[in-house]
Student: 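Have a look at this one before I ask anything.
First listed ligand is number 1; within each ligand, the first listed atom is number 1.
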Amino acid sequence: MKKISSYILAIESSCDDTAAAVLKNNEVLSNCIANQEIHRDYGGVVPELASRAHQVNIVPVVQQALSIANIDKKQLTAIAYTRGPGLVGSLLVGSSFAKSLSLSLDIPLIEVNHMQAHILCHFIKNEEKKPPRFPFLGVTISGGHTQLILVEDYFKMTELGTTLDDAIGEAFDKCGKKMGLNYPAGPEIDKLARSGNPKAFEFPIPKVQHFDVSYSGVKTAFLNLISKNINKNPNFIKDNLNDLCASIQKTLVEIIMNKIEKATYSLKINRVVIGGGVAANSEIRKVLNDMSISSEWEIFIPPLKYTTDNAAMIGIVAYYKLKKNELGEMYQSVDPRLVI
Ligand code: KG4
Ligand code: ZN
């Protein structure tokens, strides 16, 4: 019997990117994103402005995703949306749009956990690399999260540790803001660090128990270093920009790497799967690749297009939920603090 394909339209609007994707089974046909430039002027995401920009962007982004995929909305099998975690106003725009479309087309609605999606993006069809086998250590490193997760199956995920304060991406962004870099500063720090000396400045590695991490101490140490030195030399940032970027990047990466090593050792798992915006960082990609050689780990790093927020990752989670007939309900509200 011929297998029937599913066509899923996925919508992601948890923070400041409005994204839509169309998947045919586990294959991505289109993956469109409208970034919200407006937040650059404020040095961070302004929730109220994010919701308004989602309202403006959502219809064109969905239309673009359908058009690139060459799919008419009448051909869709289901509509997926991000239920949380994220900013409540942003989530409401995506969820209301998804619910309305699902009602009008009379097709199933599927709700997706954004953090599960950052991990399951590795199951998107990829001719170059097979997906990871279970169990594995999942690591989500983004602007809002820093988590170590034991992943035993698609939906059997247990959080082992998390950040006690700032997320790793948040630390990148706040340190970058202090240096006058645009939001989000992570990619800029990554670039500037390439011609800097990572040993030029030293920052303390916090001692945190178990598999938890902390980033606020190192962030404060960085901010204090700048404030102290700028009094003596007003050009301190300009004179040391590359070294400052390389040194802070090395420390931020080292903090999470220490915990990844500890977790693989105590769980006796040698498969590490990374997800989230900071997975785009070239230093962490290099350290992980080196680690895979020296420790014989199997490392899974997503293609760059699936690291920062995107709707293809929402679509792949929905594909596995549809297979299990795990559908969403119209009465379900968004959950800004949805846990994994
Ligand atoms: O996953 P994501 O797009 O959104 C959240 O769910 O938070 O992650 C955004 C975060 C930002 O903090 C951004 O600065 C960081 O990912 N980021 C990077 C790089 N690219 C994005 N951080 C360091 N190096 C990069 N290349
Ligand atoms: Zn994210």
Student: So if I count the atoms of ligand 1 from 1 in the order they appear, which ones are less than 4.0 Å from some heavy atom of H118?
Tutor: 1 (O), 6 (O)

Student: May I ask you to check if ligand 1 and G276 share an N or O to N or O distance below 3.5 Å?
Tutor: no

Student: At less than 4.0 angstrom from any non-hydrogen atom of G144, what atoms of ligand 1 do you find?
Tutor: 7 (O)

Student: Number the atoms of ligand 1 from 1 as they appear, then name those within less than 4.0 Å of a heavy atom of G169, with their elements.
Tutor: 12 (O)

Student: For residues T251 and V218, report the shortest heavy-atom separation together with the two atoms involved.
Tutor: CG2-CG2, 3.7 Å

Student: The Zn ion (ligand 2) and H145: any N/O/S contact shorter than 2.8 Å?
Tutor: no

Student: For K129, is the NZ atom crowded, meaning more than 12 foreign heavy atoms sit under 6.0 Å from it?
Tutor: yes

Student: Taking side chain to side chain contact (heavy atoms under 4.5 Å, CB included) as the criterion, tell me which of I79, L327, I110 meets it with S102.
Tutor: I79

Student: Give the contacting part of N281 toward ligand 1: side chain, backbone, both or neither, where contact means a heavy-atom distance below 4.0 Å.
Tutor: both

Student: Considering only protein heavy atoms, which is closest to atom 17 (N) of ligand 1, and at what distance to one decimal place?
Tutor: G277 O, 3.6 Å

Student: Tell me the protein heavy atom at minimum distance from atom 7 (O) of ligand 1, and give that distance in Å.
Tutor: G143 N, 2.8 Å

Student: Under 4.0 Å from a heavy atom of D190: which atoms of ligand 1 are those, numbered in the order shown and with their elements?
Tutor: 24 (N), 25 (C), 26 (N)

Student: I'd like to know if the side chain of S13 and the backbone of S90 have a donor-acceptor N/O pair within less than 3.5 Å.
Tutor: yes

Student: So which heavy atom on I314 is nearest to which on A117, and how close?
Tutor: CD1-CB, 3.7 Å

Student: Under 4.5 Å between any side-chain heavy atoms of H114 and M313, yes or no?
Tutor: yes

Student: Is it the case that K262 places NZ or CZ above or below the six-membered ring of F211, under 6.0 angstrom from the centre and within 45 degrees of the axis?
Tutor: yes

Student: Hey, could you give me the CZ/CD1 distance between F203 and I255, rounded to the nearest 0.5 Å?
Tutor: 10.5 Å

Student: With a cut-off of 2.8 Å, does H114 put an N/O/S atom close enough to the Zn ion (ligand 2)?
Tutor: yes

Student: Using a 4.0 Å cut-off to any heavy atom of P184, which atoms of ligand 1 qualify?
Tutor: 13 (C), 14 (O)

Student: Looking only at heavy atoms of H114, does any of them come nearer than 4.0 Å to an atom of ligand 1?
Tutor: yes

Student: Hey, which of Y319, Y306, Y154 is the one that makes ring pair (Phe, Tyr, Trp, His ring centres under 6.0 Å) with F123?
Tutor: Y154

Student: In terms of atom number and element, which parts of ligand 1 are under 4.0 angstrom from non-hydrogen atoms of G186?
Tutor: 14 (O), 18 (C), 19 (C), 22 (N), 23 (C), 24 (N), 25 (C)

Student: Are S247 and E202 close enough that some pair of their side-chain heavy atoms sits under 4.5 Å apart?
Tutor: no

Student: Quick one: nearest non-hydrogen protein atom to atom 3 (O) of ligand 1, plus distance?
Tutor: D309 N, 2.9 Å

Student: I need the contact type for D173 against ligand 1. Using non-hydrogen atoms and a strict under-4.0 Å cut-off, is it side chain, backbone, both or neither?
Tutor: side chain

Student: Are the side chain of D165 and the backbone of S216 linked by a donor-acceptor contact shorter than 3.5 Å?
Tutor: yes

Student: When you measure from the Zn ion (ligand 2) to each N, O or S atom of D309, which atom gives the shortest distance?
Tutor: OD1

Student: Please state which protein non-hydrogen atom is closest to atom 15 (C) of ligand 1 and give its distance, to 0.1 Å?
Tutor: V278 CG2, 3.9 Å

